[in-house]
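First the structure, in the form of C-alpha cells, and then the observations on it.
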Amino acid sequence: MGASEMTVRVLNISSKVTLQELTSFFSFCGTVDDIKLTSADERNRTHTAVVSFRQPYAFQTALLLDGALLADCHVRVLPVENSGETGYRRVPINGGEMGEKQRMRQGGRELLRQAKTAATTAEQAVGRVGTTIAQSNCFTKSAIWLSGVLDRASKSAAELGSQSGGHETSLRKAK
C-alpha cells in the first residue's frame with residue numbers, strides 16, 4: 001500500500017477538538033504519519049482533517065472509527081487517495097469493491113455494538129443475581145450453617161488427631 005492508500009478524510013470534527021486530541025484519538029489505531037486539520041467551517045462549526053498512517057492495519061482500524069463520537073460530534077472517517085497536484089479527494093465508496101468493504105465495515109460495527117450491548121446486559125444480570133443471592137436470608141443462614149458444620153468437623157478432626165497421636169505413642173512404648 002502506498003502512502004496515499006493509507007490516508008483517511010475525517011469529517012464533522014467538533015470545533016472544540018484540538019490537533020493534539022485528534023492525534024491522540026487516531027494514535028490508538030497505529031502510528032500516525034501526518035494530520036492536516038482545517039479551520040472550522042463557519043456554517044457548521046466543524047473541522048475536516050486528513051490523517052495518514054504508516055501501517056496498513058492502522059489505516060484499516062481508523063476506518064472502523066467511522067461514526068465514533070469525538071467530543072460532541074459523530075465523525076465520518078472515509079478513505080482518500082492522492083490525486084496528484086490537486087491534493088486529496090474522496091474515494092467513491094458506492095458500488096463495487098469499496099462499496100462492499102463499506103457495507104462489511106458497517107456490518108462489523110453493528111455486530112460489535114450488539115456484542116458490547118449483550119456483554120453489558122449479561123454483566124448487569126450477573127451483578128443483580130449476585131446481589132440478590134448475597135442479600136438473601138436463605139444464603140446467609142446457609143453460609144452460617146455451613147460455617148458451623150465446617151467448624152465442628154475441624155474440631156472433630158483435631159480431637160481424632162490428638163487421640164490417635166497419643167495412642168500411637170503408647171503403642172510404641174509397649175513394644
Side-chain angles (χ1 to χ4, degrees), residues 1-137 139-140 143:
M1 269 188 171
S4 65
E5 295 172 359
M6 294 190 297
T7 303
V8 295
R9 179 175 304 280
V10 187
L11 308 172
N12 200 39
I13 302 169
S14 171
S15 58
K16 298 175 186 175
V17 174
T18 65
L19 182 60
Q20 183 178 1
E21 290 170 326
L22 189 62
T23 302
S24 176
F25 182 75
F26 282 104
S27 68
F28 292 103
C29 300
T31 305
V32 175
D33 201 28
D34 186 37
I35 294 184
K36 293 180 177 92
L37 183 64
T38 65
S39 56
D41 176 357
E42 290 299 320
R43 188 177 48 131
N44 298 327
R45 295 192 176 151
T46 60
H47 293 285
T48 305
V50 176
V51 184
S52 298
F53 297 94
R54 288 192 185 158
Q55 305 96 350
Y57 71 84
F59 167 76
Q60 292 296 330
T61 304
L63 291 174
L64 294 174
L65 293 174
D66 184 38
L69 187 64
L70 177 59
D72 56 352
C73 293
H74 290 277
V75 294
R76 291 295 320 241
V77 181
L78 305 166
V80 298
E81 66 180 26
N82 191 337
S83 62
E85 298 164 13
T86 61
Y88 289 92
R89 67 178 172 82
R90 214 174 124 194
V91 175
I93 57 171
N94 52 353
E97 184 180 338
M98 288 306 291
E100 181 62 27
K101 287 181 182 178
Q102 180 71 12
R103 284 189 293 280
M104 288 175 63
R105 276 194 299 276
Q106 288 172 341
R109 277 192 296 275
E110 179 60 22
L111 285 174
L112 181 61
R113 186 192 63 75
Q114 289 175 358
K116 284 180 181 178
T117 301
T120 301
T121 303
E123 281 179 358
Q124 291 170 349
V126 167
R128 286 191 302 269
V129 167
T131 301
T132 301
I133 289 172
Q135 293 175 350
S136 166
N137 280 340
F139 176 76
T140 304

Heavy-atom side-chain proximity of [X] to [Y] below 4.5 angstrom:
X: V17; Y: F25; answer: no
X: V51; Y: V32; answer: yes
X: S52; Y: M6; answer: no

Can you tell me how far apart [atom1] ([X]) and [atom2] ([Y]) are? Round to the nearest 0.5 Å.
X: L37; Y: L22; atom1: CG; atom2: CG; answer: 6.0 Å
X: I35; Y: F53; atom1: CD1; atom2: CZ; answer: 7.0 Å
X: L64; Y: F59; atom1: CG; atom2: CZ; answer: 10.5 Å

Where do [X] and [Y] come nearest, in terms of heavy atoms and distance?
X: Y57; Y: C29; value: CE1-O, 3.5 Å
X: H47; Y: T38; value: ND1-O, 2.6 Å
X: N12; Y: C73; value: O-CB, 3.3 Å

Next on the checklist: Under the salt bridge (charged side-chain N to carboxylate O under 4.0 Å, His left out) definition, can you give me all pairs with a residue in residues 18-32, not counting sequence neighbours?
Outcome noted: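 Checked against salt bridge (charged side-chain N to carboxylate O under 4.0 Å, His left out) - neighbours excluded - no pair reaches residues 18-32.
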Next on the checklist: Testing V77, D66, L78 one by one against L11 for a side chain to side chain contact (heavy atoms under 4.5 Å, CB included), which residue passes?
Outcome noted: L78
Item to check | From CA spacing to verdict: side chain to side chain contact (heavy atoms under 4.5 Å, CB included), L65, V75 | outcome: CA-CA 8 Å; L65 293 174; V75 294; 5.6 Å; no
